[in-house]
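Chain letters run A, B, ... following the sequence lines, proteins first and then strands; every chain starts at 1.
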Amino acid sequence: MNEHYNPQTLEPTWQTRWEERQAYEVSDDASSTGYVLEMFPYPSGAMHMGHVRNYLIGDVIARYMRLQGTEVLHPMGWDALGLPAENAAIKDKQHPEKRTAENIKSFKNEMKRLGFSYQWSREISTADPNYYKWNQWFFLKMRERDLVYRRKASVNWCNDCHTVIANEQVVDGCCERCNGTVIVRQMPEWAIRITNYAERLLENLDQLIHWPTEVIKKQRNWIGKNEGVFFDFKVMNTDVTLRVFTTRPDTIFGCSYLGISADHPDIAAIVTEKHKQQTDRFIKDQTTQKTTRQHDRSDIPKEGVNTGAIAIHPMTGEKLPVWLANFVVSDYGTGAVMSVPAHDQRDMDFAQTYDLPIKAVIKPSDNQDTDIHNGVAFIDEGILVDSDSFTGLTSKQATIAIAQHVQKQNIGEPAVTFRQRDWGISRQRYWGTPIPIVYCDQCDPNHEGIAVPYEDLPVKLPDIDVEQVLTGRGEPPLAKVSSFLNTTCPLCKGPATREAETMDTFVDSAWYFARYLDPHNNDLPFTSDKANQWFPIDVYIGGPEHSTMHLLYCRFWMMVMNEMGLTTHQEPIKTLITQGIVNGPDGRKMSKRWGNVVSPSDIIKDYGTDAVRTFVMFAGPMDKDIKWSNEQVEGCHRFLHRLWRLAYNHRDSVSILSKQSVDHDLEIQRETHKTLKRVTTDFERHSFNTIIARCMELVNFLTARKLTHTDQEKNSIVEAIQLLAAMLFPIAPHITSEIATTYCSEHLLDLGKFPTYIQELTVDKHVNYTIQINGKRRGQVTAASDATEEDIKTLINDMSQITRYLEGTIIKTIFVPKKLINFVVKP
RNA sequence: CCGAGUGUGGCGAAACAGGUAGACGCAAGGGACUUAAAAUCCCUUGGGCUUUAUGCCCGUGCCGGUUCGAUUCCGGCCACUCGGACCA
């Protein structure tokens, strides 16, 4: 090895060497296998530190697992389709394919310079027709299973641009682009029945014991299971029965009106002639208003209008008015609620505004007064009053009793609802997977959609004139490409048109982890053999912002693949790691706006990859946000320097390895093995920052030690440096590989096994006992590690600074072996 | 409003099963080497008190509880961060 540590020449040399010998390829028939995956990137302009941290965590884990003799699948690919590329294309009139290809190239170069150990032979890109072909295949397979269907969905529609726009593009109820009026419109779209799996997605969460509890809680919340009761209210003088959902059937006797959403399907059938004009106006207001207030909806004043319809209370036969109400949403429950003003604040506010009756039917179990007469609903559980035969029951008892009653009398039924909605996947975009459907007026007059035959897949994105097609307004881009749009019907061979909308890119990422297993398969997305060999993913790393959408879609897709017989697993991910953000040196989020963006390539130029890698892992626990600090990077660089110098200074001692049976210097060997033990457990619990701290301690110890240059010393120092190289290899692979060429007889990777510590060497013969009196530390004493309580007491007898506290009665003594002794003294 | 998370020196942080709070690093101060600087190495570094000691008091957002002992467990508050939001 060279006298001077020079990462700029050393690191590329090793990177080339690894690439040439294909150091990270795995075979499909390995006996011990692992799968480490980082969420694949959307290849935008330049890689930032957040990416670096994400991939680095995966790389460190993958390298550690390999050192343990596991064949690790560690692939990388590109989430290349999507909105940002299309928006960029609209802006600078360049085809998204071209830009995406350039970005992928630059990302890949940066990844190589960072020394990530990927199997590039398995690289995938979702923009590749050979990839999105399988999106289309899954789409059709799921449609056959009735998991894909056509529905009407509310969208924001700009009347002037004649286009669907996203929520973020609606500003004060107007189109961000043209300032035209935005209305809510019902449009047909393709959707996936993920809600069929809501129950199982929820249940399986219990199995995911290696997921952050935070994510589990978020998913549980997102799925939002609610148990309650449906009540059926007959509407007088009509055939309509309004079904409502409630989680509080115990309050049914306090119901004084019904509220229904402005787009409830039964409105036309129940509104009386007299009220028609005002309900029509209200409905029209609601459709425009909905878009204007995206946030803080709870602040919107309660508004509504009477429909004139009269509903019959299913339990009492009372006549109740039916109101349209702006606080009732159509896509949860049944879109209709039984309003109990005394026990629900929204119902109360509404009842006060429109002077509707308020009837208390629950009283607090401690008989306290309520503020119902002051307009404050009593929403807690309690004891039923004025509730017919249920009076006197507790809320819990009544909930069960009423549910049973309802079922027996056939006036409703117990019900479970979920907050989670089905997954709408249609997008009015170009840069996505074409939906493999054609419409034929002859064979399919209702335009339910005819599947493109499997042998015709993939339906490829057509090449386009960017300026003409990607305008960001009007119909979906593909509808403007006649060569794409016009086709023949697979059934009658007559003229037909293709579906012009594309798929949500969350489809691409819902199953990509499975394609890595078999990326070149032309007959199937992957074979079940390979799935069973590699699944589940051992460790998956990504940002916590994907806690719900992406990670729910993945889990859902895996369940479907399981039902299709593609895999025996139901859950794709064993361990999930959510990494924190890398903020700028000022503590704010890195952003051009603040001018605090630190570019990985600049830092690598100054300090080398290993220093960057060491800093990012050292800065804090991986799930917490960290702040970029040039000073700390420099500190890490200094540490690597010290390590290098230590190895260089002792390089001649390596010859000791050729001598037979040389003893060890016990002090050095103990320190080394104690470090190794802690580092091993720290790797297992993914505590990378403390691994580096431990190694720093050992390097400091070895550097500070005054040497006499005995064979024993040399022997132990050589061992320490060998083990340091192995311990730090996953984090700083370049410098340690170089050190290993001098210190290990063979290359470090070929050792194949992470070193194991010698247990006896990690146990100290003497330890420090803390001496406490009444829980306060009063001193310490060194004693044999197997000392008894009596031994310690004997030692303390000679210590005047301790015994002076022991005057009085010793009530109790607590003795913790190897740690402390505590006297409880009463003066 | 609801939900989740976080809160420890000047700063990033450690303390793994309730047992010496502040490991490791940064910054700062002092010193060595040097004509000088850089680099490197050594020492000090939570706050306070005095009798300068193997000393004492305080200290992990705040208040309380459990315990011989609490950064750690429990209850209540405060602050910040991130999600969700009229979910019946």
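Within 6.0 Å of NZ on A:Lys674 lie more than 12 heavy atoms contributed by other residues, nucleotides or ligands.
Where A:Lys819 and A:Arg419 each meet RNA chain B at their nearest nucleotide, the meeting point lying more 5' is that of A:Lys819. Mapping A:Ala704 and A:Arg678 onto RNA chain B via the closest heavy atom, the residue that lands nearer the 5' end is A:Arg678.
The side chain of A:Lys776 sits closest to B:C58 out of B:C58, B:A88, B:G25. Here the nucleotide nearest the side chain of A:Glu214, chosen from B:A27, B:A4, B:A23, is B:A4. Listed nucleotides: B:G25, B:C16, B:A21. Nearest to the side chain of A:Arg685: B:C16. For A:Asn689, counting side-chain heavy atoms from C-beta on, the closest listed nucleotide (B:A23, B:U20, B:A14) is B:A14. Nearest to the side chain of A:Ala693, among B:A27, B:A88, B:C24, sits B:C24. Out of B:G19, B:A88, B:G83, the shortest distance to the side chain of A:Thr246 is found at B:A88. Listed nucleotides: B:A27, B:C41, B:U20. Nearest to the side chain of A:Arg645: B:C41. Closest to the side chain of A:Lys624, from the set B:G69, B:U6, B:G5, is B:U6.
Comparing the P positions of B:U6 and B:A17 gives an interatomic distance of 15 Å, to the nearest angstrom.
Contact annotation for A:Thr681: no contact, since no heavy-atom pair falls under 4.0 Å across all strands. When heavy atoms are screened at a 4.0 angstrom cut-off, A:Asp625 is found touching the sugar-phosphate backbone but no base atom. When heavy atoms are screened at a 4.0 angstrom cut-off, A:Asn226 is found touching the sugar-phosphate backbone but no base atom. Residue A:Phe231 is classed as having no contact, given no heavy-atom separation below 4.0 Å to the nucleic acid. Residue A:Thr690 is in sugar-phosphate contact alone, with no base atom involved, counting any heavy-atom pair closer than 4.0 Å across all strands shown. Backbone-only contact: A:Gly635 has heavy atoms under 4.0 Å from sugar-phosphate atoms and none from a base. Heavy atoms of A:Asn221 sit under 4.0 angstrom from primed sugar atoms or phosphate atoms, though from no base atom. Across all strands, A:Val824 comes closer than 4.0 Å only to sugar-phosphate atoms, never to a base (heavy-atom distances). No contact: A:Asp331 has no heavy atom under 4.0 Å from any strand. Here A:Val340 lies out of heavy-atom contact (under 4.0 Å) with every strand. Backbone-only engagement by A:Pro621 is indicated by non-hydrogen atom pairs under 4.0 Å involving sugar-phosphate atoms exclusively.
Less than 6.0 angstrom separates the ring centroid of A:Trp323 from the ring centroid of A:Phe350. When ring centroids are compared, A:His641 and A:Tyr5 come within the 6.0 Å threshold.
Between the base of B:G25 and the side chain of A:Gln632 there is a donor-acceptor pair shorter than 3.5 Å. Between the side chain of A:Gln772 and the base of B:G19 there is at least one donor-acceptor pair of N/O atoms closer than 3.5 Å. Interface remark: the A:Arg421 side chain does form a donor-acceptor pair with the B:C87 base, using a distance-only criterion of under 3.5 Å. The base of B:C86 sits within donor-acceptor range of the side chain of A:Lys302, with an N or O pair under 3.5 Å.
Using N1 to N3 plus N6-O4 or O6-N4 for Watson-Crick, or N1-O2 and O6-N3 for G-U wobble, each under 3.5 Å, B:U60 pairs with nothing. The nucleotide B:C1 finds its pairing partner in B:G84, both defining distances of the Watson-Crick or G-U wobble pair being shorter than 3.5 Å. If you check B:A21 for Watson-Crick or wobble pairing at under 3.5 angstrom, you find it has no partner at all. In this entry B:C41 has B:G31 as its Watson-Crick or G-U wobble partner, both defining distances falling under 3.5 Å. The partner of B:C49 is B:G55, judged by Watson-Crick or G-U wobble contacts that both fall below 3.5 Å. Partner assigned to B:G7 is B:C78, using Watson-Crick or G-U wobble distances below 3.5 angstrom.
The interatomic distance linking A:Met696 (CE) with B:A14 (C1') rounds to 13 Å, in whole Å. Here B:A70 presents its C1' atom at 13 Å from CG of A:Asn822, a figure rounded to the nearest Å. In this structure, A:Arg613 places its CZ atom 21 Å from P of B:G25, rounding to the nearest Å. Look at CZ on A:Arg220: it is 22 Å from P on B:G83, rounded to the nearest Å. Here B:A14 presents its P atom at 10 Å from CG of A:Asp623, a figure rounded to the nearest Å.
In terms of heavy atoms, A:Ala342 sits closest to A:Ala360 at CB-CA, 3.7 Å.
In this structure B:A17 sits in the syn conformation; its chi angle is within 90° of 0. Regarding the sugar-base torsion, B:G9 falls in the syn class, its angle being within 90° of 0.
Atom NE2 of A:His673 is separated from atom CG of A:Leu723 by 5.5 Å, given to the nearest 0.5 angstrom. Taking CD of A:Gln219 as the start and CH2 of A:Trp211 as the end, the distance is 5.0 Å to the nearest 0.5 Å. Here the CZ-CG distance, from A:Arg421 to A:Asp331, works out to 4.0 Å after rounding to the nearest 0.5 Å.
A:Arg778 has a side-chain polar atom (N or O) that falls below the 4.0 Å cut-off from OP1 or OP2 of B:C57. Contact between the side-chain N/O atoms of A:Lys812 and the OP1/OP2 oxygens of B:C68 is found at a separation under 4.0 Å. Considering only side-chain N and O atoms, A:Tyr805 lies under 4.0 angstrom from the phosphate OP1 or OP2 of B:C56. Residue A:Arg638 has a polar side-chain atom (N or O) positioned under 4.0 Å from OP1 or OP2 of B:A27.
In this structure, the side chain of A:His343 does not engage the main chain of A:Ile379 through any donor-acceptor pair within 3.5 Å.
Defined by atom type and a distance below 3.5 Å, a donor-acceptor pair is present between the side-chain atoms of A:Thr788 and A:Asp791.
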